[in-house]
Amino acid sequence: MRPSKRESVAEIKRHLFKYNLISMAASLVIAVCIYALATGEGASIHAWLGDQSNVFDLLIGAGVIELLVMARISRLNKLKQGVTSRRRVMSRA
């Protein structure tokens, strides 16, 4: 049996919430890395941020995660639009 429109949209919203949390964490890591690079005081936050090569590695990793999450969020938003519009068109007929 096919899940109802509300169940499908609710499931997509749960996935969107999860990916938004991951995106928020990656954005926070990017902000900390930029602060550490700009001020040179990364060691005051954590000893590992005192070395620029570590900060660059962390920045690249967080950037890749952010890009992957943004791509997934855009696909989920398209899917959500498709579910809502498809069901609406089918119910009018």
Checklist entry - side chain to side chain contact (heavy atoms under 4.5 Å, CB included) with S44: which residues, sequence neighbours excluded? => result E41
Checklist entry - Should L49 and F56 be regarded as members of a common hydrophobic cluster, given that ILVMFWY residues are connected when their side-chain heavy atoms come within less than 4.5 Å of each other, either directly or indirectly? => result yes
Checklist entry - What's the spacing between I22 CD1 and S27 OG if we round to 0.5 Å? => result 11.5 Å
Next on the checklist: Count I, L, V, M, F, W, Y as connected when their side-chain heavy atoms are under 4.5 Å apart, and connections chain through other members. Are I65 and I60 then in the same cluster?
Outcome noted: no
Next on the checklist: How close do G42 and A36 get, counting heavy atoms only, and between which atoms?
Outcome noted: CA-CB, 3.7 Å
Checklist entry - In terms of hydrophobic clustering (I, L, V, M, F, W, Y; side-chain heavy atoms under 4.5 Å; direct or indirect links), are I45 and L59 co-clustered? => result yes
Checklist entry - How long is the span from the CG atom in L68 to the OG atom in S23, to the nearest 0.5 Å? => result 11.5 Å
Next on the checklist: Using side-chain heavy atoms (C-beta onward) and a distance below 4.5 Å, is L16 in contact with I73?
Outcome noted: yes
Item to check | Reported CG-to-CZ distance for the pair L76 and R72, which is rounded to 0.5 angstrom | outcome: 4.5 Å
Item to check | L58-Y35 co-clustered via ILVMFWY side chain contacts under 4.5 Å | outcome: yes
Checklist entry - Would you find a donor on one side and an acceptor on the other, under 3.5 Å apart, between the side chain of T84 and the backbone of K80? => result yes
Item to check | Co-membership, hydrophobic cluster, residues W48 and V55, 4.5 Å side-chain | outcome: yes
Next on the checklist: Quick check: do Q81 and N77 have side-chain heavy atoms less than 4.5 Å from each other?
Outcome noted: no
